[in-house]
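Worksheet: the structure to be examined is printed underneath.
Just so you know, these numbers use all the heavy atoms, side chains as well, and skip hydrogens, waters and symmetry mates. We name chains A, B, ... by the order of the sequence lines, and we start the count at 1 in each one.
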2 protein chains.
Amino acid sequence: MATIYQVSELAGVSLATVSRVMNNSPRVSDTTRTKVLAAMEQLGYRPNSIAQSLASNRSNSVGILVSELHGPFYGEMLSGIENECRAAGKHVIIAAGHSEEASEIDGIEFLISRSCDALILHVEAVSDDYLIKLAEGKLPIVLINRYIPQLAANCICLNNELGGYLATRQLLQQGHRQLAYIAGPMWKSDAKDRYAGHLRAMAEYGVKVNPALFAEGDFQDSSGSRCMQQLLDSGLAFTALVCANDEMAAGAIETARQRGLNLPQQLSIVGFDNLILARYIHPKLTTIDYPIGEMGRMAARWVLKNIYQQQTIRLKNVFEPALICRESACHFDAANQTA
Amino acid sequence: MATIYQVSELAGVSLATVSRVMNNSPRVSDTTRTKVLAAMEQLGYRPNSIAQSLASNRSNSVGILVSELHGPFYGEMLSGIENECRAAGKHVIIAAGHSEEASEIDGIEFLISRSCDALILHVEAVSDDYLIKLAEGKLPIVLINRYIPQLAANCICLNNELGGYLATRQLLQQGHRQLAYIAGPMWKSDAKDRYAGHLRAMAEYGVKVNPALFAEGDFQDSSGSRCMQQLLDSGLAFTALVCANDEMAAGAIETARQRGLNLPQQLSIVGFDNLILARYIHPKLTTIDYPIGEMGRMAARWVLKNIYQQQTIRLKNVFEPALICRESACHFDAANQTA
DNA sequence: TAGTATGATGTAAGCGCTTTCATTTATAGC
DNA sequence: GCTATAAATGAAAGCGCTTACATCATACTA
């Protein structure tokens with residue numbers, strides 16, 4: 001492995017000049033630059049980026065912390081970020097936090113220790129205080145799907161309340177008046193906000209909410225099945241169901257089918273997230289689009305603009321969900337209902 | 001940020017002693033060790049791992065190159081690797097190669113430049129020669145889903161031929177004798193091997209292969225749809241279909257449903273991979289399990305054993321597929337067939 | 001007590017690169 | 001040609017840590 005010393009010797013210049021060429025400094029004449037580049041090529045020189053990072057305290061890399069490395073949601077987000085950074089010549093370093101405080105902190109410290117120039121964080125367990133203190137340090141951070149008022153300019157979020165509203169309004173517009181709701185874990189703000197949107201739409205249409213038609217899941221498909229069973233076992237009539245995410249909708253659909261319900265004629269279902277699996281569920285799931293890929297790209301653009309001064313585009317912190325109509329929800333028709 | 005100099009001053013020892021404590025050297029007395037640890041704790045000392053890497057040419061990290069950051073396949077593999085490494089106190093650094101030679105090389109060089117202690121590679125575009133030469137260097141590599149005879153001990157693969165055999169045999173055992181096949185891109189070794197397994201099972205059951213009941217897709221679900229249309233348009237009769245992966249099976253199922261086929265009574269379908277989506281397809285997909293999570297864990301164990309000397313377990317290079325029976329394939333029954 | 005071996009600690013020299021400040025060179029204007 | 005200014009280049013000092021070899025302290029044996 002050739003070093004900067006060997007390049008400087010072959011080119012007949014100092015280390016500092018080689019460094020300037022490497023880093024595109026204007027303080028190098030074209031003649032000298034050509035000489036140095038030729039020496040680099042002859043030696044097959046590759047900069048040692050560890051040494052660069054130690055000397056400069058920068059790494060040309062963006063650190064990303066996600067909850068998990070698997071799953072359609074995180075895959076889309078990571079791809080969105082990575083594609084945007086790669087296009088700008090930046091690398092990413094990815095860590096997983098597993099939604100546990102200690103593990104999230106460990107991941108963040110790993111990224112810091114790697115001299116990442118900025119952090120893009122999707123974290124759930126660490127406290128607001130920890131993040132606020134982190135943001136007070138020299139390392140810029142962007143939060144995805146986590147809103148902290150003190151760091152509002154650094155937060156990139158989906159308008160979950162509007163998503164819940166849109167999901168519910170669709171069913172109401174289709175004539176349904178007896179709606180059940182399967183929620184995510186209600187300590188999570190996105191689960192709470194989606195439910196708030198649901199309540200807003202119900203109120204707007206003057207439909208009374210029956211608390212017995214509410215069940216709380218954990219965002220996994222098995223809890224969707226469980227909640228669906230609970231709702232059906234209650235014996236209460238409902239012709240439509242809003243699920244706080246697609247996976248729980250998938251579980252609910254499976255249970256409904258096992259119970260002999262004709263879908264969507266006897267029960268219309270709307271999910272949330274527009275995961276790739278929504279297209280494979282039968283009937284194809286009507287859902288709310290969560291543009292996580294685009295949000296990842298926006299986080300990357302935030303970094304490129306604020307840290308690397310590379311972009312002049314307008315940044316966007318709040319993303320709007322969109323209704324995606326497929327086949328799992330249809331117009332209410334009393335003739336389809338069995339007692 | 002406290003440095004090693006500040007720790008050595010507070011503890012009243014040399015830099016080397018602090019370094020020895022940090023790196024668990026036996027050449028430190030318990031008295032001194034306690035003193036140094038107390039100084040570290042008082043100062044909130046965190047080692048600068050960039051400096052550690054530069055000085056030691058090691059990083060306590062394993063580099064991973066995958067084709068993409070999204071998708072169930074890569075997510076499972078990444079999670080498998082990361083979980084195993086994390087449990088052993090190692091970090092991972094992940095890069096994406098996008099199945100393009102230049103991008104794969106760029107990703108590998110990024111990982112090398114970060115002083116990764118070993119590389120786990122899932123690469124498609126770079127040549128065998130490149131990888132052989134890379135393996136001759138000082139940096140140990142493990143290949144997932146890529147078999148190179150000269151590097152056999154470093155390759156972790158699935159027995160794709162057996163998977164294709166199992167998929168086809170299942171349908172033959174269920175009484176089917178007119179089988180169609182949707183292949184992956186036949187320049188890819190896994191696509192080729194799976195088809196070879198299909199041919200073996202057909203020969204074993206003495207069933208003649210009709211070349212007109214073969215279509216080549218690209219592993220994406222849209223090509224599954226296209227190939228299915230092609231097969232149905234041929235007007236040739238077939239009661240069962242083997243698809244070289246689950247995504248193409250999903251596309252084929254959608255097309256069959258649109259053409260009014262009753263599934264699985266009129267057409268039995270088997271996929272390959274056991275992606276998570278297989279459970280959401282309706283009818284639930286009978287498929288071949290590809291234990292990519294476990295293979296990722298095995299790759300990590302290879303590294304832990306060979307680089308870090310941490311494991312004494314028996315390593316496994318070839319993984320066997322398994323048949324997963326669900327609902328998309330049923331016994332052949334002539335009464336179900338329409339002319 | 002002296003000599004030897006072992007364990008513990010310290011000193012010094014990097015690892016490959018960046019960057020500040022000093023020095024040199026080139027250019028423009030008078 | 002001289003002077004002032006700007007551009008270009010070089011020298012030197014780290015960045016935070018590792019580690020080989022030198023040195024010191026201690027225990028054991030003859």
Side-chain angles (χ1 to χ4, degrees), chain A residues 1-40 43-61 91 109-110 112-117 138-139, chain B residues 1-40 43-61 91 109-110 112-117 138-139:
Chain A
M1 291 301 297
T3 66
I4 198 172
Y5 299 87
Q6 288 161 308
V7 175
S8 71
E9 215 167 71
L10 184 60
V13 299
S14 73
L15 300 181
T17 300
V18 177
S19 187
R20 289 194 186 96
V21 172
M22 263 201 292
N23 293 288
N24 296 306
S25 168
R27 283 282 186 263
V28 186
S29 72
D30 287 344
T31 307
T32 302
R33 187 184 303 271
T34 302
K35 215 172 16 172
V36 172
L37 289 173
M40 284 179 178
L43 290 168
Y45 173 69
R46 288 283 187 274
N48 179 322
S49 61
I50 297 282
Q52 287 178 316
S53 294
L54 180 61
S56 67
N57 203 32
R58 290 189 315 268
S59 69
N60 211 36
S61 308
H91 290 285
E109 294 195 342
F110 168 70
I112 291 171
S113 80
R114 288 282 139 186
S115 296
C116 290
D117 303 325
K138 294 173 21 179
L139 185 59
Chain B
M1 291 303 297
T3 67
I4 199 172
Y5 300 87
Q6 288 162 306
V7 175
S8 71
E9 216 167 70
L10 184 60
V13 299
S14 73
L15 300 181
T17 301
V18 177
S19 188
R20 287 191 189 100
V21 171
M22 262 202 291
N23 294 288
N24 294 307
S25 170
R27 283 281 187 264
V28 186
S29 71
D30 286 343
T31 306
T32 300
R33 187 184 304 273
T34 300
K35 214 170 20 171
V36 172
L37 290 173
M40 283 178 179
L43 290 167
Y45 174 69
R46 287 282 186 277
N48 179 322
S49 62
I50 298 282
Q52 287 178 318
S53 295
L54 182 61
S56 67
N57 204 30
R58 292 189 314 270
S59 69
N60 211 36
S61 306
H91 290 287
E109 294 193 344
F110 169 69
I112 291 171
S113 80
R114 288 283 138 185
S115 296
C116 290
D117 302 325
K138 294 173 18 178
L139 185 58

Check: Where each residue is assigned the nucleotide of DNA chain C containing its nearest heavy atom, which of B:Leu15 and A:Ala16 is assigned the position nearer the 5′ end?
Finding: B:Leu15
Margin query: If I take atom CZ in residue B:Arg33 and atom C1' in nucleotide C:dG7, what distance separates them, rounded to the nearest angstrom?
Written below: 13 Å
Item checked: Option passing side chain to side chain contact (heavy atoms under 4.5 Å, CB included) with B:Arg20 (candidates B:Val28, B:Thr32, B:Val36, B:Val13) -> B:Val28
Notebook entry, point to check: So, A:Ser113 side chain and B:Ser49 main chain: donor-acceptor pair closer than 3.5 Å or not?
Noted result: no
Next item on the list: For B:Arg114 and C:dC17, give me the distance from atom CZ to atom P, rounded to whole Å.
Entry: 13 Å
Next item on the list: Answer yes or no: are there more than 12 heavy-atom neighbours, outside B:Glu9 itself, under 6.0 Å from its atom CD?
Entry: no
Notebook entry, point to check: Taking side chain as C-beta onward, heavy atoms only, is A:Met22 less than 4.5 Å from A:Pro47?
Noted result: yes
Got a list of protein N/O to nucleotides 23-28 of chain C N/O distances below 3.5 Å?
none

Margin query: Heavy atoms only, 4.0 Å cut-off, all strands: where does B:Asn57 land among base, sugar-phosphate and nothing?
Written below: nothing
Next item on the list: Have a look at A:Ser53 and say if it touches a base, only the backbone sugar-phosphate, or nothing, with a 4.0 Å heavy-atom cut-off.
Entry: nothing
Margin query: Does A:Ser19 reach a base, just sugar-phosphate, or nothing at all? Heavy atoms under 4.0 Å.
Written below: base
Next item on the list: Figure out the CE/C1' separation between A:Met22 and C:dC17, and round it to whole Å.
Entry: 7 Å
Notebook entry, point to check: Distance from B:Thr3 atom OG1 to B:Leu15 atom CG, nearest 0.5 Å?
Noted result: 8.5 Å
Item checked: Distance below 4.0 Å between A:Gln52 side-chain N/O and C:dC17 OP1 or OP2 -> no
Next item on the list: Could you say whether B:Val13 or B:Leu54 is positioned toward the 5' end of DNA chain C, judged by the nucleotide with the nearest heavy atom to each?
Entry: B:Val13
Note to self: Looking only at side-chain N and O atoms, does A:Ser115 offer a donor or acceptor that is under 3.5 Å from a partner on A:Ser59?
What the structure shows: no
Margin query: Please report the distance, rounded to the nearest Å, between CZ in A:Arg27 and P in C:dC21.
Written below: 15 Å
Margin query: On a heavy-atom basis, which atom in A:Leu139 and which in A:Cys116 lie closest, and how many Å separate them?
Written below: CD1-O, 3.1 Å
Item checked: Sidechain-backbone polar pair: A:Ser19 side chain, A:Ala16 backbone, donor-acceptor under 3.5 Å -> no
Notebook entry, point to check: Taking any atom under 4.0 angstrom from a heavy atom of chain B, which nucleotides of DNA chain D are the first and last to qualify, 5' to 3'?
Noted result: D:dG16 to D:dA20
Margin query: Once you apply a heavy-atom cut-off of 4.0 Å, does B:Val28 come out as touching a base, just sugar-phosphate, or nothing?
Written below: sugar-phosphate
Checklist line | side chain to side chain contact (heavy atoms under 4.5 Å, CB included) between A:Leu10 and A:Lys35, worked out | finding: CA-CA 9 Å; A:Leu10 184 60; A:Lys35 215 172 16 172; over 6 Å; no
Note to self: Can you measure B:Asp30 atom CG to C:dA8 atom P for me and round it to whole angstrom units?
What the structure shows: 9 Å
Check: A:Val18 near the nucleic acid: base, sugar-phosphate alone, or nothing, with a heavy-atom cut-off under 4.0 Å?
Finding: nothing
